[in-house]
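This structure is a prediction, so every number in the text was calculated from the model and none was measured.
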Amino acid sequence: MGKSVHQCLEQLDIRKSVVGLAIGAGAIYLLYKAIRAGLKCQPPLCTASPICIARLAIERERHGRDSGELRRLLNSLECKQDEYTKSMILHNITRCVYLLEAEASACTTDDIMLVGSMLDDKDNSVKIQALNALKAFSGIRKFRLKIQEHFIKVLELTSTIWDSELHIAGLRLLNNLPLPDFVYPQLRRVMPALMEILQSDCILAQVQAVRLLSYVAQKNDLLYDILNCQSTQPGSLLFEVLVFAERLSEGRNTPHYRAVKWHYNEQSLHEALFGDQSRLADRLLALVIHPEEEVQIQACKVIVSLQCPQDVRVQPSFCQTSRSYFNNGE
């Protein structure tokens with residue numbers, strides 16, 4: 001070997017220095033990369049976040065090209081997936097349709113049929129997300145006729161499955177589509193179910209049901225079916241309407257409300273119920289002989305509230321009969 005102990009120690013110190021320098025340089029480089037990555041860091045374009053979908057839309061507009069995200073989602077929907085995955089894919093398809101307008105418009109009727117086929121899935125969450133996706137696509141004019149083909153199926157789901165989220169999703173879709181003549185027979189059959197939804201505890205479902213019934217009421221062929229419809233809780237809807245009318249009448253007769261001179265539109269609810277041309281009280285008299293006692297009592301309450309301002313109701317002598325309410329012998 002021929003090396004002294006001193007020489008060996010010197011060489012060892014040199015090697016330690018070299019290794020130390022190498023480690024230090026490597027650490028500095030890694031630190032540099034970390035800082036640089038932090039400065040330029042962007043989260044991966046994950047379709048589970050609406051922010052990510054929005055970023056896709058921005059990138060598409062900036063570069064004038066499709067992101068391909070909507071097509072990727074539709075392709076993945078064709079593959080065999082579990083219920084949760086299908087639900088999430090449909091959820092993300094809905095977001096993409098709203099945010100990536102050009103890509104959504106480039107879809108085909110086959111894509112609509114693919115999404116529509118998910119209405120037959122056994123899982124309600126998949127059905128709900130499919131309804132939401134069809135609602136999103138219905139905003140594109142060229143797809144409306146194809147989506148209308150699912151009208152009867154949507155009515156069937158809405159009337160046979162008692163799920164408030166499904167009711168909301170289904171009715172929102174129906175309210176966004178023209179009403180084709182071929183659905184009239186099915187609409188007649190589901191009238192009782194729509195009345196049930198109208199009496200449910202879910203306000204959003206009630207609002208959508210009222211919107212659909214109001215639209216259907218404009219169709220002469222269906223008006224009688226609405227007026228003649230009976231729900232499983234006869235009288236309860238009428239009772240709630242009468243309670244509403246009584247509360248409106250009482251509210252408008254309070255001193256606080258009467259202290260202001262209000263001006264109403266000719267087409268307002270006030271004019272329809274309490275205006276000079278209203279015959280509400282005359283018609284309420286017919287409900288005094290309604291077969292359900294609670295409806296009779298509530299109708300009488302509304303009539304009394306119409307005749308007597310609240311601040312003098314305790315003094316019957318102040319109550320005056322109306323212009324025409326009780327002058328026809330009823």
Side-chain angles (χ1 to χ4, degrees), residues 159 171 187-203 205-255 257-258 262 264-330:
S159 60
L171 292 170
L187 266 172
R188 291 188 177 96
R189 286 192 289 271
V190 304
M191 285 295 177
L194 291 176
M195 290 296 179
E196 286 295 309
I197 295 173
L198 202 59
Q199 300 170 73
S200 69
D201 295 329
C202 180
I203 295 176
Q206 289 175 327
V207 170
Q208 294 301 325
V210 168
R211 285 189 61 194
L212 180 61
L213 288 169
S214 297
Y215 181 55
V216 172
Q218 300 176 61
K219 306 293 182 181
N220 291 331
D221 292 341
L222 295 171
L223 183 58
Y224 173 77
D225 297 279
I226 297 175
L227 294 174
N228 196 46
C229 182
Q230 296 181 6
S231 72
T232 58
Q233 302 177 39
S236 61
L237 179 59
L238 179 57
F239 174 78
E240 293 298 332
V241 171
L242 289 171
V243 171
F244 177 53
E246 182 193 18
R247 289 173 180 172
L248 287 176
S249 181
E250 289 180 344
R252 64 187 285 269
N253 284 327
T254 58
Y257 192 82
R258 294 170 63 191
W262 302 97
Y264 300 98
N265 187 286
E266 291 182 356
Q267 304 300 319
S268 66
L269 182 62
H270 176 276
E271 291 303 296
L273 295 178
F274 313 117
D276 293 335
Q277 304 303 316
S278 173
R279 298 189 59 216
L280 176 62
D282 290 333
R283 295 175 181 179
L284 285 171
L285 287 172
L287 296 178
V288 174
I289 58 172
H290 191 276
E292 294 191 41
E293 184 178 1
E294 68 171 3
V295 173
Q296 297 175 16
I297 295 172
Q298 191 59 40
C300 291
K301 288 182 179 180
V302 179
I303 292 172
V304 171
S305 71
L306 290 173
Q307 303 305 311
C308 307
Q310 191 177 42
D311 54 350
V312 297
R313 193 171 301 161
V314 293
Q315 306 176 44
S317 61
F318 284 88
C319 297
Q320 300 176 359
T321 54
S322 172
R323 299 167 297 281
S324 62
Y325 293 157
F326 301 98
N327 295 336
N328 55 6
E330 293 178 278

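Put simply, the side chain of I197 reaches to within 4.5 Å of the side chain of L171, judged on heavy atoms.
Looking at residues two or more places apart in sequence or on another chain, you find a side chain to side chain donor-acceptor pair (under 3.5 Å) between R189 and Q186. The side-chain contact (heavy atoms from CB on, under 4.5 Å) check on I297 picks up E293, K301, with sequence neighbours excluded. Listed by chain and residue number, nothing satisfies the ring pair (Phe, Tyr, Trp, His ring centres under 6.0 Å) test with Y215 (two or more places apart in sequence, or in another chain).
With rounding to the nearest 0.5 Å, the separation of CD in Q208 from CZ in R211 is 5.5 Å. Separation of atoms CD (Q298) and CD1 (I303) is listed at 11.0 Å; rounding is to 0.5 Å.
Residue Y264 comes nearest to Y257 through the heavy atom pair OH-OH, 2.7 Å, listed as atom of the first residue, atom of the second, then distance. Between P291 and Q296, the closest heavy-atom pair is C-NE2, 4.3 Å. The shortest non-hydrogen separation linking R258 to N253 is CD-O, 3.2 Å. Considering all non-hydrogen atoms of both residues, T254 and G251 come closest at OG1-O, 2.8 Å. Scanning both residues, E271 and N265, for their nearest heavy atoms gives CG-O, 3.3 Å.
Atom CG of D201 has 12 or fewer neighbouring heavy atoms from other residues, nucleotides or ligands inside a 6.0 Å radius.
Although no hydrogens or angles enter the test, the distance criterion places a donor-acceptor pair under 3.5 Å between the side chain of S249 and the main chain of S305. Side-chain atoms of E196 do not come within 3.5 Å of backbone N or O of P192 as any donor-acceptor pair.
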Check your understanding: Hey, mind stepping through L287 and L242 against side chain to side chain contact (heavy atoms under 4.5 Å, CB included) and telling me if it holds?
Key -> CA-CA 10 Å; L287 296 178; L242 289 171; 4.0 Å; yes
Point to revise | Residues V216, L194; criterion side chain to side chain contact (heavy atoms under 4.5 Å, CB included); working and verdict | key: CA-CA 12 Å; V216 172; L194 291 176; over 6 Å; no
Review point. Could you walk me through whether L213 and M191 pass the side chain to side chain contact (heavy atoms under 4.5 Å, CB included) check?
Key: CA-CA 9 Å; L213 288 169; M191 285 295 177; 3.9 Å; yes
